[in-house]
**Q** 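Below is one structure. I have some questions about it.
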Amino acid sequence: MTAPVVKDMALTRAEFVRLLPGAAGDAPVREVDGVFRVGDVVSIALEALPTRRLGLFTIPAMRVTLRFHGGTDEDARDFVRRFDRAFQKGGG
């Protein structure tokens, strides 16, 4: 079984909900008791962290824990790659 993947991310819950379908691909997404399920293989828990401050800027922070239920290690790695691409922020 694949170990949970924990990420500290700079986003709000609303941003997470908006971007999650991009990570899910064709798998259905549902929320039950604050935990998001992507298909039958991935559950995602969110934990709000203290807002970060950089001078006058405030940055939201969220701990995101991905847990895998079934599937292969390769399936988990593929999901994490898709998840990272869906939540990648670019600058310019």
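The chain is numbered in sequence order, starting from 1.
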**Q** Return the set of residues passing side chain to side chain donor-acceptor pair (under 3.5 Å) with R81 (not counting sequence neighbours), or none when no residue passes.
**A**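 By the side chain to side chain donor-acceptor pair (under 3.5 Å) rule, R81 matches D78.
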
**Q** Counting only heavy atoms not in R37 (residues, nucleotides, ligands), do more than 12 fall under 6.0 Å from its CZ?
**A** yes

**Q** Parallel under 30°, tilted from 30 to 60°, perpendicular over 60°: which one fits the rings of F16 and F87?
**A** parallel

**Q** Keeping K89 on the side-chain end and A10 on the backbone end, is there a donor-acceptor pair under 3.5 Å?
**A** yes

**Q** Distance from S43 atom OG to E31 atom CD, nearest 0.5 Å?
**A**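 Spacing of OG (S43) from CD (E31) equals 12.5 Å.
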
**Q** Any side-chain heavy atom of E47 within less than 4.5 Å of one from V64?
**A** no

**Q** Quick one: pull up OG1 in T12 and CD1 in I59 and give me the separation to the nearest 0.5 Å.
**A**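 Here the interatomic distance stands at 13.0 Å.
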
**Q** How long is the gap from OG1 on T2 to NE2 on H69, to the nearest 0.5 Å?
**A** 11.0 Å

**Q** Could you tell me which non-hydrogen atom of A23 sits nearest to which non-hydrogen atom of A86, and how far apart they are?
**A**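 Heavy atoms of A23 and A86 come nearest at N-CB, 3.5 Å.
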
**Q** Measure the CE-CD distance between M9 and E15 for me, rounded to the nearest 0.5 Å.
**A**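 Separation between the atoms: 9.5 Å.
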
**Q** Consider side chain to side chain contact (heavy atoms under 4.5 Å, CB included). Of V29, V38, V5, which one does I44 pass it with?
**A** V38

**Q** Spell out, as yes or no, whether a donor-acceptor pair under 3.5 Å connects the side chain of R67 to the backbone of P4.
**A** no

**Q** Could you pull out all residues at least two apart from R52 that satisfy salt bridge (Lys or Arg N to Asp or Glu O under 4.0 Å)?
**A**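 Testing R52 for salt bridge (Lys or Arg N to Asp or Glu O under 4.0 Å), a comparison that skips the adjacent residues, returns none.
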
**Q** About how many Å separate CZ of R63 and OG1 of T65, when rounded to the nearest 0.5 Å?
**A**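 The distance works out to 7.0 Å.
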
**Q** Nearest 0.5 Å, what's the CZ-CG distance between F36 and L66?
**A** 12.0 Å

**Q** Which residues pass the side chain to side chain donor-acceptor pair (under 3.5 Å) test with R77, not counting sequence neighbours?
**A**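 R77 satisfies side chain to side chain donor-acceptor pair (under 3.5 Å) with no residue once adjacent residues are dropped.
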
**Q** Between A27 and G39, which heavy-atom pair has the shortest distance, and what is it?
**A** CB-N, 4.0 Å

**Q** Do you reckon F83 sits in the same ILVMFWY cluster as V17, going by side-chain contacts under 4.5 Å, direct or chained?
**A** yes

